[in-house]
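The block underneath contains the structure these notes are about, expressed in structure tokens.
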Amino acid sequence: MSVRLLQLSDPHFGTERPEVVASLLRCVRAVAPDLVVLSGDITQRATRAQFAAAAAFVAALAPLTVRVVPGNHDIPLFALAARLLWPYRRFAAAFGVTEPAPWTREGVAVLFMDSTSRWRHRHGVLAPARARARLAAAAAARLRVVVLHHPVTCRRERDEENIVRPGAELVSALAAAGADLVLGGHIHDPHVELAARRYPGLTRSPVLAVAGTCVSCRTRADAPNSFNLVSLSADAPAAMVVERWDHRDAGGFAPVLAHRFVADGGGGWRRAG
């Protein structure tokens, strides 16, 4: 039996396209995934009004289950006192804790990790030891998905600086601790690859996926508004499909690309076919 996760990232409420928001709500309701994850940069400037708009969007997805992690834009930028003393106050008022408890179903566990830092407003950081400890809490699951905001991979050289720190050490720790899929956002440039391609020498290779921006006008020239739909089967042999859905101005969201993976027999993954 498959578990379906729908990853929305970087909506940047405050820069949203209303027609895309409406289209996305219709699409997500129609797909009806088991879990919706919002992987950060929920707002553009962490204002009360922007968090209120984001909270209204999440409420409109009911009764679907939704989990949210923050991005760097969800920490106040210009309000220095708030940034230093209460960086997550408005996020917490809208969505609760920055690292929700793991979500589990049918042998799949989804873990949520906060890669933001009040000291590195733009860049992300996640201590490998903390990541390992979070994954240890889901040791009984057959498949483990990690959700954070900052990406652990990218396809463009200019985005290398946006990879979460410390990139190679963190991915090595995640792989060794049993992560099967790592979801991120931040750079608005959808991309999916095996970890071993970027990080050779891993004992096992999870899948790394980056989502685009789901509703913001801050798209890249060759990457329209999009989201990822992930299907996971923990039954032997384990299988995974990561679909990219793009927004078409006339037709709404539709699938445009599918990456298929199967367990490689050594605890990691390989491309199917």
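The residues of the chain are indexed from 1 along the displayed sequence. Atoms considered below: every heavy atom in the structure, side chains included; atoms not considered: hydrogens, waters and symmetry mates.
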Close side-chain approach of [X] and [Y], heavy atoms under 4.5 Å:
X	Y	value
Asp74	Phe51	yes
Thr65	Arg67	yes
Val31	Arg4	yes
Leu181	Trp269	no
Val241	Glu243	yes
Thr219	Pro224	no
Val146	Leu183	no
Val207	Leu194	yes

State plainly whether the residues [X] and [Y] are in salt-bridge range, i.e. N to O under 4.0 Å.
X	Y	result
Asp180	Arg204	yes
Arg244	Asp246	yes
Arg130	Asp114	no

Does atom [atom1] of [X] have more than 12 heavy-atom neighbours, drawn from other residues, nucleotides or ligands, at distances under 6.0 Å?
X	atom1	answer
Arg156	CZ	yes
Glu157	CD	no
Arg220	CZ	yes

- Note on the structure: Paired with Asn225, the side chain to side chain donor-acceptor pair (under 3.5 Å) test is passed by just one of Arg17, His247, Arg248, namely Arg17
- Task: Apply the side chain to side chain donor-acceptor pair (under 3.5 Å) test between Asp41 and each candidate in His149, His150, His188, Arg218; give the one that qualifies.
- Result: His149
- What heavy-atom pair brings Ser117 and Tyr88 nearest, and what distance separates the two atoms? N-OH, 4.0 Å
- Message: Tell me if a side-chain donor or acceptor on Glu16 pairs with a main-chain N or O of Gly14 at a distance below 3.5 Å.
- Response: yes
- Item | Heavy-atom donor-acceptor pair, Gln7 side chain to Asn228 backbone, under 3.5 Å | no
- Determine the interplanar angle of the Phe227 and Trp245 rings, folded into 0 to 90°, and report it as parallel if under 30°, tilted if 30 to 60°, perpendicular if over 60°. parallel
- Message: For a quick check under 3.5 Å, do Asp159 and His186 share a side-chain donor-acceptor pair by atom type?
- Response: no
- Query: Other than Ile187, which residues form its hydrophobic cluster under the rule that side-chain heavy atoms must be closer than 4.5 Å?
  - Reply: Val210
